[in-house]
Amino acid sequence: MTTRTPSAHSAATLCDRVRKYEHHTGTRLGGPGPAKEGQSQAGGESGQRLDQESRAGASALVSVYAQLDFAHETWPAALSRPLTLPTASVSSAPITLTGLSLTTECKVNRDGCSYCACQSGYQWNASVCSHHNPCQTHLQHQPCGCLVFSPVEAGYCQLLPPVPATLSLNSWLQMPGSTLNLTLVTSQETTNLNWFLWRLGSPSPVLLRAGTRVSLTSSPGRAVLSIINISHKWAGEYICCFEAQGFRWELQKVVRVPLQATDVARLPDELSISCATSPGFQLSCCIPSTHLGYTASWSPREGSEASFVRTRDSQCFGLAVQRCPAADTTYTCDLQSPGLTPIRVTVSVTVIQDGDTTCPEEASAVAWNVTKAGHVARAPCPGKRTGTVKRPCGPDGVWGPVQSSCTDTGLLALLRRVWLLRAGQGWPATEVPQILAQLPEQVVAVTSPSDLLALVHTMTVLAKVVADARIQLNYSALEALLNTTDKILDLDSGSLWAPARAQKPSVGSNLLLAVETLARSLCPQDHPFSFVLPNVQQQTQLLGPTSPADYRVSFPTQPPLQAWIPKHSLAPLSHNGTNVSITSLVLQKLDHFLLSNYGQGLGDSLYVTPGLVLVISIMAGDQVFNQGEVIMDFGGTDGSTHCVFWDFDLFQGKGGWSDAGCWVQAASASPTTQCICQHLTAFSILMSGHTVPQNPTLELLSQVGLGASILALLLCLGVYRLVWRFVVRNKVTYLRHVALLNVVLCLLAADTCFLGAPLLPPGPRSPLCLAAAFLCHFLYLATFFWMLAQALMLAHQLLFVFHQLSKHRMLSLMVFLGYLCPMGFAGVTLGLYLPQGQYLGEGACWLDRKGGALYTFVGPVLAIVGVNGLVLTMAVLKLLRPSLSEGPQVEKRQALLGVLKALLILTPIFGLTWGLGLATLLEDISVVPHYLFTVLNASQGVFILLFGCLMDRKVQEALRKRFCRTQPPTSTISLATNEAYIPEHSKGRSEDARKIEVE
């Protein structure tokens with residue numbers, strides 16, 4: 001039974017110290033029993049009841065609560081001696097006391113609360129411990145040794161049973177790169193098992209959880225902690241905490257990891273010294289603090305004095321060389337620990353002799369000593385920065401550029417912290433918001449590319465921690481992230497971003513992925529969320545579990561940016577009954593820091609971006625939802641646009657723009673262009689870097705020119721219908737006009753198709769658009785190949801005067817060249833590029849100018865233009881040759897007139913104006929070539945009507961005969977068409993003086 005011994009009160013109102021006793025009666029039969037009725041439950045379980053009737057003669061552990069009050073700090077001497085048992089009375093004969101020991105010592109504070117600490121072998125049980133505060137700063141892994149009780153509470157520590165588990169280690173000395181295994185074997189059921197690591201020099205232990213280095217496995221009666229690729233950062237005391245038999249337990253093992261040569265810092269690692277100016281110098285090698293006792297010895301040591309400096313995190317072994325060596329010397333620092341292989345690092349000292357070429361001493365942010373030519377001077381980073389500054393000394397004694405690897409110490413410490421957090425050390429839910437809160441202040445410390453890389457790397461690792469642990473951020477943490485991102489995007493592009501990209505090309509892509517991951521991790525309680533900064537704008541909305549409506553969002557950018565997700569894309573998410581959060585984020589300037597990498601289908605062209613990236617993410621519960629249709633309106637854009645997204649996996653992880661699953665669609669209610677994508681990620685648009693901005697004037701000229709060309713070609717066909725039998729009376733004129741007639745037919749059909757193509761729905765899913773693109777490709781190529789046939793016929797007549805081909809053979813060759821060749825080009829292009837999705841351009845029924853499809857048109861056209869240009873040159877030179885029957889003045893005048901007419905006639909008919917297309921493909925070209933190209937080529941049908949038809953002498957004669965019924969006068973030289981007609985009978989003229997009739 002449980003009894004309470006009356007207290008012996010003194011005159012003092014408050015007791016200074018209280019000691020509680022546990023009286024043992026017989027032997028212990030089991031765990032403690034329930035508390036006595038009326039006793040405070042906070043005091044714990046007070047013992048077992050002894051049933052004298054049913055257990056007569058048995059032994060049991062009975063806890064009797066006795067409180068003794070003392071008025072002074074000094075304990076009575078009687079209590080310091082071994083306690084004696086009281087004499088059993090007759091009434092208590094069935095109960096015999098066999099032991100008496102102290103269990104708990106309490107100190108009463110001024111506020112009346114008791115600070116009660118357990119004596120050795122005793123402890124507060126887990127239930128009591130969970131309901132009371134610890135006496136001091138509570139380390140969660142520590143067992144309950146001291147608790148705070150209110151004045152109305154009472155209790156005492158309980159006797160600990162034998163330890164119910166054993167902790168074993170595969171090896172107390174772990175070599176770098178090996179795997180550490182700690183195994184806990186339990187004989188009782190355990191709960192709340194956790195692992196901790198208390199590193200040397202750390203103020204408190206850190207929690208170990210599953211991460212990139214840490215793995216935790218458990219089975220009944222067994223738990224294993226494994227750490228792969230261990231290094232000295234994992235050395236320390238490992239603590240396993242768990243609850244069993246109603247108590248909290250902790251078991252410890254110390255793990256030591258030897259250092260490696262890469263862990264040793266040499267200051268400096270190379271030195272040039274002039275003995276005349278600096279007779280002495282200082283060397284040092286520093287190592288991190290470790291459980292292994294390392295000692296260092298330098299060699300050679302003649303004329304030197306060793307020193308040792310220890311800090312909380314490191315220890316340095318110095319060597320002060322007081323006498324300069326006579327020649328170049330290599331100093332060695334040997335680091336030794338008992339039972340381990342020594343670590344040896346060297347420092348090369350180059351002595352500058354008389355007559356050696358040197359770079360002079362120079363003082364700036366870093367003091368550069370005199371350095372021998374051909375060597376590199378090294379110095380530690382100034383201020384609160386870590387790393388080394390290097391500067392080469394050229395062979396001519398001129399200093400080279402400074403090469404710095406200095407990084408802000410605070411940034412590096414933050415990076416190491418998040419790296420260990422992802423590896424498995426620490427509490428992510430607590431530490432991630434703390435780290436995010438520090439980031440805005442750390443941006444101020446970014447003064448070098450190394451600082452920028454360290455900061456972005458910190459955010460990248462932090463995002464991976466959030467994604468792996470599925471942490472939800474609160475409002476203040478997300479606000480700190482966006483503030484940090486805004487400041488990073490404002491950093492100087494030339495001095496920071498450009499060299500950072502040179503060192504790590506994927507830095508922009510890494511920043512985008514980190515911000516995208518963190519921005520969508522807002523906890524549901526903080527929705528809706530809206531935040532606007534100059535470079536960052538975010539809107540987050542929480543949709544209920546019921547079927548959501550269309551999601552729409554707009555941003556006040558220039559031009560305004562809008563996006564919406566149709567209801568049918570969100571409908572599948574509502575079936576799960578989870579909350580759906582949609583995050584829309586605009587990052588301005590970031591697209592300028594991304595690599596100019598373009599995926600398959602975009603080609604190697606240079607593009608420009610609008611200066612922003614739109615990120616849209618959907619979270620269904622804690623899962624990321626990547627599928628769904630999103631429609632975006634990026635506002636007014638100039639030139640040809642491509643809807644793209646940033647694919648983080650392209651180009652071996654460096655990232656690149658891709659248009660897979662995205663296309664351009666002309667907006668029906670606005671003059672802007674809309675982008676449609678079938679997935680969610682970071683979006684933007686690409687505009688051709690050398691595309692002329694679209695303007696109404698240029699489009700109007702194109703449409704008017706095509707319309708006039710179609711009318712002119714129809715008129716040309718009408719003229720041929722009237723005069724055909726009058727102008728094809730011989731082989732030469734027949735072939736010439738057949739070729740010109742086919743040019744007219746092909747160009748008429750091509751212009752009509754091209755003018756009507758914008759009326760068709762664009763996209764690879766439209767068969768009408770696909771057919772229009774194929775017909776335009778084939779008909780325009782056929783036009784040029786018939787132009788080539790005319791040019792080759794003229795060249796043949798000029799070069800082979802007396803060797804003419806038959807009419808049938810010439811016509812067969814012209815038909816083959818004019819129709820079968822372009823059909824082959826068009827068919828191969830369709831079969832080659834359509835399966836790859838690179839046949840049609842975005843938003844137009846024409847060939848895709850991003851890949852190779854467009855080159856199957858541009859290449860043959862430019863080749864034909866080049867050949868036709870050569871033929872034109874041959875005709876001009878032929879006209880310039882003197883005639884024997886004419887005087888010099890007549891000859892000159894006739895020749896110049898012939899050249900002028902030939903140029904006017906043959907240039908449009910041979911399609912030479914298409915050569916201006918080369919100028920329009922160049923970058924940084926003015927708008928003038930585009931206007932000239934549009935006007936001349938859209939109006940090509942008008943030129944063919946004027947110069948190819950109406951100015952033809954035979955056509956004019958036929959029209960006069962048909963309408964005027966008069967005989968026109970003859971002319972000695974006429975230029976009306978593109979036929980070079982050489983009469984079969986020279987009639988007294990030599991070959992060089994032959995009359996050339998160019999029609």
Side-chain angles (χ1 to χ4, degrees), residues 436 456 459-460 462-464 466-467 473 477-479 481-486 488-489 506-522 527-543 551-557 560-565 569-570 580-595 609-620 623-635 643-650 655-662 674-686:
L436 285 174
V456 173
M459 297 177 65
T460 301
L462 203 61
K464 294 178 180 178
V466 170
L473 305 179
L478 185 56
E479 187 180 44
L481 166 71
L482 299 180
N483 274 296
T484 303
T485 306
D486 180 73
I488 291 177
L489 296 177
S506 62
V507 58
S509 179
N510 294 342
L511 177 63
L512 175 58
L513 180 59
V515 175
E516 178 182 350
T517 303
L518 294 170
R520 67 184 178 218
S521 303
L522 183 67
H527 289 71
F529 177 85
S530 180
F531 198 75
V532 178
L533 289 173
N535 299 316
V536 179
Q537 300 182 41
Q538 178 170 336
Q539 296 185 31
T540 302
Q541 180 178 347
L542 186 65
L543 304 180
Y551 169 79
R552 292 180 178 270
V553 65
S554 60
F555 293 94
T557 56
L561 174 62
Q562 300 179 3
W564 60 93
I565 302 176
S569 294
L570 299 174
V580 178
S581 64
I582 304 180
T583 300
S584 300
L585 176 68
V586 173
L587 301 172
Q588 303 201 57
K589 299 181 181 179
L590 179 58
D591 54 334
H592 299 156
F593 305 138
L594 299 173
L595 294 175
T609 48
L612 58 85
V613 174
L614 172 63
V615 180
I616 299 180
S617 302
I618 296 181
M619 294 289 292
Q623 298 293 328
V624 181
F625 183 73
N626 294 320
Q627 301 300 321
E629 183 179 79
V630 57
I631 305 171
M632 297 158 286
D633 192 335
F634 285 88
C643 296
V644 292
F645 72 97
W646 186 258
D647 191 338
F648 297 97
D649 298 326
L650 288 181
W657 295 110
S658 173
D659 62 351
C662 298
Q674 294 179 353
C675 288
I676 301 179
C677 291
Q678 296 296 328
H679 48 77
L680 303 176
T681 181
F683 303 100
S684 188
I685 56 174
L686 298 180

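Scope of the values below: all heavy atoms of this structure, side chains included, with no hydrogens, waters or symmetry mates.
Every residue two or more places apart in sequence or in another chain that forms a side chain to side chain contact (heavy atoms under 4.5 Å, CB included) with Ile631 is listed here: Trp564, Pro566, Glu629, Gln674, Ile676. The side-chain hydrogen bond (donor to acceptor under 3.5 Å, both in side chains) search around Asn483 returns none, not counting sequence neighbours. By the salt bridge (charged side-chain N to carboxylate O under 4.0 Å, His left out) test, Lys464 pairs with no residue at all, sequence neighbours left out. Taking Phe625 as the reference, nothing meets the ring pair (Phe, Tyr, Trp, His ring centres under 6.0 Å) condition, with sequence neighbours excluded. Residues meeting the side-chain hydrogen bond (donor to acceptor under 3.5 Å, both in side chains) test with Trp646, sequence neighbours left out: Ser509. Under the rule for a side chain to side chain contact (heavy atoms under 4.5 Å, CB included), the partners of Ala514 that lie at least two apart in sequence or sit in another chain are Met459, Thr460, Ala463. Listed by chain and number, the residues in a side-chain hydrogen bond (donor to acceptor under 3.5 Å, both in side chains) with Ser584 are Tyr551 (sequence neighbours excluded). With sequence neighbours left out, Phe555 forms a ring pair (Phe, Tyr, Trp, His ring centres under 6.0 Å) with no residue at all. Partners of Asp647 under the side-chain hydrogen bond (donor to acceptor under 3.5 Å, both in side chains) rule, at least two apart in sequence or in another chain, do not exist in this structure. Applying the side chain to side chain contact (heavy atoms under 4.5 Å, CB included) criterion to Thr681, with sequence neighbours excluded, gives Glu516, Phe645, Phe648, His679, Phe683. Every residue two or more places apart in sequence or in another chain that forms a side chain to side chain contact (heavy atoms under 4.5 Å, CB included) with Val532 is listed here: Gln537.
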(request) Please step through side-chain contact (heavy atoms from CB on, under 4.5 Å) for the pair Thr609 and Val644, ending with a clear verdict. (result) CA-CA 10 Å; Thr609 48; Val644 292; over 6 Å; no

(message) For Val580 and Met619: C-alpha separation, side-chain torsions, deciding distance, then whether side-chain contact (heavy atoms from CB on, under 4.5 Å) applies.
(response) CA-CA 6 Å; Val580 178; Met619 294 289 292; over 6 Å; no

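Atoms CG and CG, from Asn535 and Leu489 in turn, are 5.0 Å apart once rounded to the nearest 0.5 Å. Distance check, rounded to the nearest 0.5 Å: CD1 of Ile565 to CZ of Arg552 gives 11.0 Å. Taking CG from Leu436 and CG from Leu462, the interatomic distance works out to 5.0 Å, rounded to the nearest 0.5 Å. In this structure, Phe529 CZ and Leu478 CG are separated by 4.0 Å, a value rounded to the nearest 0.5 Å. In this structure, OG on Ser554 lies 11.0 Å from CG on Asp633, to the nearest 0.5 angstrom. Between the CG atom of Leu590 and the OG1 atom of Thr485 there is a distance of 9.0 Å, given to the nearest 0.5 Å.
The main-chain N or O of Leu612 is found under 3.5 Å from a side-chain atom of Ser684 such that the two form a donor-acceptor pair.
Leu650 and Ser658 get closest at one heavy-atom pair: CD1-CB, 4.0 Å. In terms of heavy atoms, Gly628 sits closest to Leu680 at O-CD2, 4.1 Å. Scanning both residues, Leu473 and Leu518, for their nearest heavy atoms gives CD1-O, 3.7 Å. In plain terms, the two heavy atoms of Cys643 and Cys662 that are nearest each other are O-CB, 3.5 Å. Thr517 and Ala467 make their closest contact through CG2-CB, 4.1 Å (heavy atoms, listed as atom of the first residue, atom of the second, distance).
Test Val613, Leu614, Leu482 against Leu585 for side-chain contact (heavy atoms from CB on, under 4.5 Å) and you get one pass: Leu482.
Using a 4.5 Å heavy-atom cutoff, the side chains of Leu522 and Leu542 are not in contact. Between Val553 and Gln562 there is no side-chain heavy-atom pair separated by less than 4.5 Å. The closest side-chain heavy-atom distance from Leu587 to Val536 is below 4.5 Å.
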